[in-house]
Amino acid sequence: MTTDIEGAGLRCLVTGATGYIGGRLVPELLDAGHSVRCLARTPDKLRDHPWVGRVEVLRGDATDAGSVGAAMEGIDVAYYLVHALGTGRDFAATDRLAARIFAERAKAAGVRRIVYLGGLTPAGVPEWELSPHLRSRAEVGRVLLDSGVPTAVLRAAVIIGSGSASFEMLRYLTERLPVMVTPSWVRTAIQPIAVRDVLRYLVGCARLPSEVSRTFDIGGPEVLTYRDMMQRYAAVAGLPRRLIFPVPVLTPGLSSHWIGLVTPVPRSIARPLAESLRHEVVCHERDIARYVPDAPEGPVSFDRAVELALRRIQDARVTTRWSSASVPGAPSDPLPTDPDWAGGSLYSDCRELTVDASRESLWRVIEGIGGVNGWYSFPLAWAVRGWLDRLVGGVGLRRGRRDAQRLRVGDSLDFWRVEEIEPGRLLRLRAEMRLPGLAWLELRVDQDDKDRTVLRQRALFHPQGLLGHAYWWSVWPFHAAVFGGMARNIGQAAGLTAASTPSGQERA
């Protein structure tokens, strides 16, 4: 049994590097001695990752044959880690198109291997009975296997790791509901897997023998029900045993609403996750171990995976989250050139405040905004806006922050996303709540001609249609309380931060 290239570092292409798995796979490949090229629709989202200086980043889209073809040039192993989860009714067609383009361009470029992470499907269940999400993932796997390029399709069920959508769903349901009336799928058998084992398999597949082209089931060492997982999570987290009462009346649609109200996972993502749990998802072979040996201590157990995830959360070392990728349906247009923008109406609310604190103190408050620190004004209004967003299928406020103190481009921040950050100077957030238009919030640290610290705050809104204009003017009366209060309270918090910082340490 021989691999394509023994010992030498391979040239790897990673699509989906801005997502949860892709963002963690890149440094693992680098540590294994491989070189990495990333294909990303928005390369700036990778700008602040600690490994970005060690990789090549190309701009492109998985559905654009030209950019995919350019990215494949000179590549040995191509990782397909993109999918159109929850992007609308046509998501399966989008997935199919992207997979075909990827397969064709990999073949044309002479790529030695394709590696794809898909979903574990139940044995003996006709494909038409599967959820649309699992059907699409299975179809993508077939398209890649039919490419003529040796392909490894890894099929996983629930992935347990800090920041994964599955783990966040499990975590919040268990922590927030000591007593639950749950869907019947909590009794379905599942074989969860730790994210570090998923990454180990993905890296190991780069060196599979050239004659190996097939699917592999990957899972952890235990088969559990979702109910078992919630009770085991509670035990590891030091919580009392949960009271769980399964009922048969909660459909996947109702389940997704329930999950969306209790957890940070929006309905568009919660529904396919819930639908995927209707059938037993258990590994029926462990052939991957013949090619990618287990770690010396064996596969990571469920309890250990939860313990490791909670430790990363407590230590603020969550490197990627499910929300690292753009939320389906969320706006992605960059801020229009201002003030010479010719794209129609652009409403703005501008505030300027002289702050009795250093620029460093003001910046610390700005970079720490959101999450548990809140938004420094009218908490009830922010909470109500978050709940309204959840009710219409948006992300709401509960996504929080990846890191309690530091932000990077592409981070989700409650119902915003970091569009631009210039440390010490500028934070620009793009709204991802459901709106009849596009919205941004911009916070700048500046100084006046007397060398005093100045906070410049702008809220911008580009309305879409008559409804967009009506929305702006309906909320305009509240701007003084929301945005005016925000500027004042941020300034006050900066003054308190400065007062509590020992002399001489602010500029350290």
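Residues take their numbers from the sequence shown, with the count starting at 1.
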Chemist: So, do Cys38 and Leu46 sit near enough that their side-chain heavy atoms are less than 4.5 Å apart?
Modeler: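 The answer is yes, as the side chains (C-beta and beyond) meet within the 4.5 Å cut-off.
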Chemist: Report yes if the side chains of Arg47 and Arg408 come closer than 4.5 Å at any heavy-atom pair, otherwise no.
Modeler: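 A side-chain contact under 4.5 Å is absent here.
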Chemist: Indicate whether the side chain of Arg242 and that of Thr174 have a donor and an acceptor atom separated by less than 3.5 Å.
Modeler: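 Absent: no donor and acceptor within the cut-off.
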Chemist: Taking the side chain from Arg196 and the backbone from Val300, do they hold a donor-acceptor pair closer than 3.5 Å?
Modeler: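 Looks like no, no N/O pair under 3.5 Å.
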Chemist: Where the side chain of Arg37 meets the backbone of Ala71, is there a donor-acceptor pair that is under 3.5 Å apart?
Modeler: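 Yes, the answer is positive, given that a donor and an acceptor are paired below the 3.5 Å cut-off.
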Chemist: Atom CZ in Arg401, atom CZ in Arg406: separation rounded to 0.5 Å?
Modeler: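 Here the rounded value is 9.5 Å.
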Chemist: Return yes if a side-chain donor-acceptor contact under 3.5 Å exists between Tyr291 and Arg207, otherwise no.
Modeler: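 No - no donor-acceptor pair under 3.5 Å links their side chains.
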Chemist: Taking the side chain as every heavy atom from C-beta outward, state whether Leu407 and Asp403 have any atom pair closer than 4.5 Å.
Modeler: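 Answer no - side chains too far apart.
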Chemist: If you compare all heavy atoms of Phe102 against all heavy atoms of Ala78, which two are closest, and at what distance to 0.1 Å?
Modeler: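 Nearest pair, atom of Phe102 first, then Ala78: CZ-CB, 3.5 Å.
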Chemist: Any side-chain heavy atom of Arg187 within less than 4.5 Å of one from Tyr226?
Modeler: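 Side chain of Arg187 against side chain of Tyr226, heavy atoms only: no contact under 4.5 Å found.
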Chemist: Between Arg11 (side chain) and Ser35 (backbone), is there a donor-acceptor pair under 3.5 Å?
Modeler: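 Pair absent, no side-chain N/O of Arg11 close to backbone of Ser35.
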Chemist: With a 4.5 Å limit on heavy-atom distance, are the side chains of Leu224 and Ile190 in contact?
Modeler: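 Heavy-atom side-chain distance check fails, nothing below 4.5 Å.
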Chemist: If only atom types and distance count, is the side chain of Asp76 paired as donor or acceptor with the main-chain N or O of Leu10 below 3.5 Å?
Modeler: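 A pair under 3.5 Å: no.
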Chemist: Between Glu139 and Arg135, does any NZ, NE, NH1 or NH2 come within less than 4.0 Å of an OD or OE carboxylate oxygen?
Modeler: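 Salt bridge flag = no for Glu139 with Arg135.
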Chemist: Which of these passes side-chain contact (heavy atoms from CB on, under 4.5 Å) with Ser162: Arg402, Arg311, Arg312?
Modeler: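 The residue from Arg402, Arg311, Arg312 that satisfies side-chain contact (heavy atoms from CB on, under 4.5 Å) with Ser162 turns out to be Arg312.
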Chemist: Quick check: do Ile218 and Asp197 have side-chain heavy atoms less than 4.5 Å from each other?
Modeler: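 No, their side chains stay 4.5 Å or more apart.
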Chemist: Between Gln191 (side chain) and Gly219 (backbone), is there a donor-acceptor pair under 3.5 Å?
Modeler: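 Side chain of Gln191 to backbone of Gly219, a donor-acceptor pair under 3.5 Å: no, none is there.
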Chemist: Any side-chain heavy atom of Thr151 within less than 4.5 Å of one from Tyr80?
Modeler: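 Not in contact.
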Chemist: Considering non-hydrogen atoms only, spot the tightest contact between Thr42 and Thr18 and give its length.
Modeler: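 Smallest interatomic distance, heavy atoms only, reads O-CG2, 4.4 Å.
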Chemist: For the CD atom of Gln405 and the CG atom of Asn373, what is their distance to the nearest 0.5 Å?
Modeler: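 Between atom CD of Gln405 and atom CG of Asn373 there are 9.5 Å.
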Chemist: With salt bridge (Lys or Arg N to Asp or Glu O under 4.0 Å) as the test, would you mind laying out the steps for Glu168 and Arg171 before giving the verdict?
Modeler: CA-CA 5 Å; Glu168 292 288 280; Arg171 174 189 170 203; 3.2 Å; yes
Chemist: Got a donor-acceptor contact below 3.5 angstrom from the Tyr201 side chain to the Phe216 backbone?
Modeler: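 Not at all, since once roles are kept as given, no pair shorter than 3.5 Å links the two residues.
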Chemist: What's the shortest heavy-atom distance between Val55 and Val57, and which atoms?
Modeler: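 What the structure gives for the nearest pair is CG2-CG2, 3.8 Å.
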Chemist: Within the distance-only criterion (no hydrogens, no angle test), does the side chain of Asp95 pair as donor or acceptor with the backbone N or O of Ala92 below 3.5 angstrom?
Modeler: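 No, Asp95 side chain to Ala92 backbone: no donor-acceptor pair under 3.5 Å.
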Chemist: For Arg113 and Pro209, indicate whether the former's side chain and the latter's backbone hold a donor-acceptor pair under 3.5 Å.
Modeler: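 Yes, the answer is positive, given that a donor and an acceptor are paired below the 3.5 Å cut-off.
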Chemist: Which residue is it: Val212, Leu117, Leu154? I am looking for the one with a side-chain contact (heavy atoms from CB on, under 4.5 Å) to Cys205.
Modeler: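 The residue from Val212, Leu117, Leu154 that satisfies side-chain contact (heavy atoms from CB on, under 4.5 Å) with Cys205 turns out to be Leu154.
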Chemist: For the pair Glu420 and Arg428, find out whether any cationic side-chain nitrogen is under 4.0 Å from an anionic carboxylate oxygen.
Modeler: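 Arg428 and Glu420: not salt-bridged.
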Chemist: Any salt bridge linking Arg304 with Glu307? Criterion: basic side-chain nitrogen under 4.0 Å from a carboxylate oxygen.
Modeler: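 Salt bridge present between Arg304 and Glu307.
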Chemist: Salt-bridged, Arg430 to Glu432, with N to O below 4.0 Å?
Modeler: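 Looking at Glu432 together with Arg430, the answer is yes, because their closest N to O distance falls below 4.0 Å.
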Chemist: Quick one: does any side-chain atom of Thr15 pair with a main-chain N or O of Leu81 as donor and acceptor, under 3.5 Å?
Modeler: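 At least one qualifying donor-acceptor pair exists.
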Chemist: Would you say the side chains of Asp303 and Ser301 form a donor-acceptor pair under 3.5 Å?
Modeler: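 Result is no, nothing qualifies.
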Chemist: Could you please spell out the steps behind the salt bridge (Lys or Arg N to Asp or Glu O under 4.0 Å) verdict for Glu222 and Arg232?
Modeler: CA-CA 12 Å; Glu222 301 158 282; Arg232 296 270 288 272; 2.5 Å; yes
Chemist: Looking at Arg142, I want to see if its CZ is surrounded by more than 12 non-hydrogen atoms of other residues, nucleotides or ligands under 6.0 Å.
Modeler: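 For Arg142, atom CZ is crowded (more than 12 foreign heavy atoms under 6.0 Å).
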Chemist: Please assess Asp64 against Arg41 for the test salt bridge (Lys or Arg N to Asp or Glu O under 4.0 Å), listing each intermediate value before the final yes or no.
Modeler: CA-CA 10 Å; Asp64 174 52; Arg41 283 181 299 175; over 6 Å; no
Chemist: Could you check whether any side-chain heavy atom of Arg112 comes within less than 4.5 Å of a side-chain heavy atom of Val77, counting everything from C-beta outward?
Modeler: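 No; the side chains remain at least 4.5 Å from each other.
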